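Basis for what follows: all heavy atoms, side chains included, without hydrogens, waters or symmetry-related copies. Being a predicted model, the structure only gives us computed values, none of them experimental.
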Amino acid sequence: MKNIFTILAVFCLIFLSSCEKEQKKYDGDAQIAFSLAKYSFNVTSTTGTITIPIQLISTGAMDAVTANIAVESQMPANIATVPVSAVIEGGKFTANLVVKVNYAALDSKSNKLVLNLTSNIKVAENFKQATITLVKK
């Protein structure tokens, strides 16, 4: 009986040590992307701004990268003022796009802002557009 417990203990140790997670490292071309494809913010009369993160996906630090932003749609109109670009500083991997919210223009139901991202480097296909829902509180 003692041998069975010893064998089971050894087997468990071998099994558990073989389950180590493999470290994954990105090795493709540098890309830029919105951090998420969809965002939702509760907005009050004192909110003022919202922040949308933009990230650089790269194997190492780079020079500054400009993220160009285009507003595809705003429903209703004029719900936000969006900067035309954000800069990921050299040696950094993120930048914040600070969007000014026009609380008075928000509808009580559905408020959507759709942004498109372009850059002089490749844009990650699944994160080149961000849909932002603004919920008026």
pair Ile132-Ile50: side-chain heavy atoms closer than 4.5 Å: yes

Under 3.5 Å donor-acceptor, Asn102 side chain and Asn78 backbone: yes

Given Leu97, Asn116, Val99, the one that forms side-chain contact (heavy atoms from CB on, under 4.5 Å) with Ile69: Leu97

Phe127-Met62 co-clustered via ILVMFWY side chain contacts under 4.5 Å: no

Side chain Thr47, main chain Thr49, donor-acceptor under 3.5 Å: no

Separation of Ile57 CD1 from Gln55 CD (nearest 0.5 Å): 4.5 Å

Close side-chain approach of Thr133 and Tyr39, heavy atoms under 4.5 Å: no

Val135 vs Asn111, side-chain contact (heavy atoms from CB on, under 4.5 Å): CA-CA, chis, key distance, verdict: CA-CA 7 Å; Val135 180; Asn111 303 280; over 6 Å; no

Donor on one side chain, acceptor on other, Lys137 and Thr44, under 3.5 Å: no

In one Ile/Leu/Val/Met/Phe/Trp/Tyr side-chain cluster, 4.5 Å: Ile88, Ile121: yes

Gln129 side chain reached by Phe34 side chain, heavy atoms, under 4.5 Å: no

Path from Val123 to Val71 over hydrophobic side-chain contacts below 4.5 Å: yes

Single-linkage hydrophobic cluster, 4.5 Å side-chain cutoff, Val82 and Leu36 together: yes

Spacing of Met75 atom CE and Lys112 atom NZ [to the nearest 0.5 Å]: 9.0 Å

Thr66 side chain reached by Asn68 side chain, heavy atoms, under 4.5 Å: yes

Thr94 and Leu56: CA distance, side-chain angles, deciding distance, side-chain contact (heavy atoms from CB on, under 4.5 Å) verdict: CA-CA 6 Å; Thr94 59; Leu56 174 65; over 6 Å; no

Heavy-atom closest contact (Gly28 atom, Thr59 atom, distance): O-CG2, 4.1 Å

Heavy-atom closest contact (Ala105 atom, Ala77 atom, distance): CB-O, 4.0 Å

Ser35 OG to Ile52 CD1 distance, which is reported to the nearest 0.5 Å: 9.0 Å

Ile79 backbone acceptor or donor facing Gln74 side chain under 3.5 Å: yes

Side-chain touch Ile54/Ile32, heavy atoms, less than 4.5 angstrom: yes

Pairwise side-chain contact, Val114 with Ser73, heavy-atom cut-off 4.5 Å (strictly under): yes

Crowding at NZ, Lys128 (>12 non-hydrogen neighbours, <6.0 Å): no

Pair Thr131-Lys38, side chain to side chain donor-acceptor pair (under 3.5 Å): steps then yes or no: CA-CA 5 Å; Thr131 301; Lys38 294 183 185 287; 4.8 Å; no

